[in-house]
Structures are given as structure tokens and as C-alpha cells.
Amino acid sequence: MTTSITDTAVHHHLDTKGLICPEPVMMLHKAIRKADSGETIEILATDPATTRDIPNFCRHLGHELIHQETLAEQVSVAIDPDEITIDSDNETPANATLYRYLVKKKNA
């Protein structure tokens, strides 16, 4: 999705880096409930599932996905080993891709 976002005002910021499904979408749902109609929420995420989940969330609930982009690859993300389970015993920070989304809450 390519859209010019230079004129888009961001009203809310949501940092979900290091979180995995379903947390990023659950946090977006909570932020949407708090936002006023027409306000824009910026979401930063490292979970690749968000590339599918956030567009589906918007489509099913009627919100507008204004913009979706990959900001960077191989970003260091400190992951709390108590929060998620990984297959290896390596507890060093993982590298991930950083995604950015702009979601506009639907008008009431």
C-alpha cells in the first residue's frame, strides 16, 4: 500500500515492538476505543503477523488503513524471556523487521 502520508496528523502512538500475536491487535483495539472518530493511530510493530492482522482488523471493523510500510530490517529488539517462548536457548536480543501502520478510526 503506497499513500502519501505527509499531511496525515497522528493523534495516538502505539508501540508494540517485541510483542507477538494477539497483543498488537488487542492493543490497537483498545486504542481505537479511546480515540475519537476520524483520529489517526500510529502503530509500530515487529511481529510479522501484523502485516496480515492489522489490515484484516481494519477491514472487518470498518476503520481505514491509511498507510502500511516496512521501516527497517534487522532491528534489535530486547525480548523478555518470560513473555515469549523461542525454540533456542539464546537469550540475547533478537533482530526483527520494524513495521509501521497508520489507522484512521471510522466515523461514528
Side-chain angles (χ1 to χ4, degrees):
M1 168 180 256
T2 56
T3 305
S4 174
I5 59 168
T6 56
D7 295 332
T8 303
V10 175
H11 302 94
H12 305 275
H13 299 275
L14 192 57
D15 183 354
T16 69
K17 295 186 302 278
L19 301 177
I20 59 171
C21 183
E23 289 180 283
V25 171
M26 291 172 59
M27 291 175 69
L28 173 57
H29 192 72
K30 184 177 179 180
I32 285 278
R33 278 186 265 150
K34 291 182 178 181
D36 291 330
S37 295
E39 287 188 333
T40 301
I41 301 162
E42 175 188 54
I43 305 102
L44 296 178
T46 51
D47 182 5
T50 60
T51 61
R52 174 198 66 232
D53 294 343
I54 290 178
N56 285 339
F57 172 87
C58 293
R59 185 172 37 260
H60 290 297
L61 296 177
H63 305 295
E64 181 183 353
L65 179 61
I66 297 172
H67 188 74
Q68 175 179 352
E69 67 181 319
T70 300
L71 286 181
E73 295 185 13
Q74 299 301 314
V75 175
S76 180
V77 179
I79 299 175
D80 182 347
D82 293 331
E83 293 294 320
I84 63 171
T85 304
I86 54 177
D87 291 335
S88 73
D89 291 329
N90 182 4
E91 294 185 14
T92 59
N95 290 326
T97 301
L98 180 60
Y99 305 100
R100 179 177 182 245
Y101 306 90
L102 294 178
V103 174
K104 183 177 180 182
K105 182 175 179 173
K106 66 181 176 182
N107 291 321

Asks: Looking at Pro55 and Gln68, what are the two nearest heavy atoms and their distance?
Replies: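 That would be CG-OE1, 3.5 Å.
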
Asks: Output yes when a side-chain donor or acceptor of Lys106 lies under 3.5 Å from a complementary backbone atom of Gly62, and no otherwise.
Replies: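 Here the side-chain-to-backbone pair does not exist.
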
Asks: Do Val103 and Met26 sit in one hydrophobic cluster, given that two such residues count as connected whenever their side-chain heavy atoms are within less than 4.5 Å of each other, even indirectly?
Replies: no

Asks: NZ/Lys104 to CD/Glu39 distance, rounded to the nearest 0.5 angstrom?
Replies: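 That separation rounds to 11.0 Å.
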
Asks: If you take all heavy atoms of Met27 and Asp15, which pair is closest and at what distance?
Replies: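 What the structure gives for the nearest pair is CE-O, 4.2 Å.
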
Asks: At their closest point, which heavy atom of Glu42 faces which heavy atom of Arg100, and how far apart are they?
Replies: OE2-NE, 2.5 Å

Asks: What heavy-atom pair brings Tyr99 and Thr51 nearest, and what distance separates the two atoms?
Replies: CE2-CG2, 3.6 Å

Asks: Using 30° and 60° as the class limits, which term best fits the ring planes of Phe57 and His29: parallel, tilted or perpendicular?
Replies: perpendicular

Asks: Is Cys21 close to Asp53 at the side-chain level, that is, under 4.5 Å between some pair of heavy atoms?
Replies: yes

Asks: So, applying side-chain contact (heavy atoms from CB on, under 4.5 Å) with Leu44, which one of Leu71, Thr16, Thr50 is it?
Replies: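 Running side-chain contact (heavy atoms from CB on, under 4.5 Å) over Leu71, Thr16, Thr50 with Leu44 returns exactly one hit, Leu71.
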
Asks: Kindly give the heavy-atom pair with the smallest separation between His11 and Gly38, and that separation in Å.
Replies: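 Scanning both residues, the minimum pair turns out to be CE1-O, 4.5 Å.
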
Asks: How long is the straight-line distance from CD1 of Ile54 back to CG of Leu14, given to the nearest 0.5 Å?
Replies: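 So the CG of Leu14 and the CD1 of Ile54 are separated by 8.0 Å.
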
Asks: To the closest 0.5 Å, what do you measure between CG (Leu102) and OG1 (Thr8)?
Replies: 6.0 Å

Asks: Atom NE2 in His13, atom CD1 in Ile43: separation rounded to 0.5 Å?
Replies: 11.0 Å

Asks: Measure across Cys58 and Glu64 and return the closest heavy-atom pair with its distance rounded to 0.1 Å.
Replies: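 Closest pair (atom of Cys58, atom of Glu64, distance): SG-C, 4.4 Å.
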
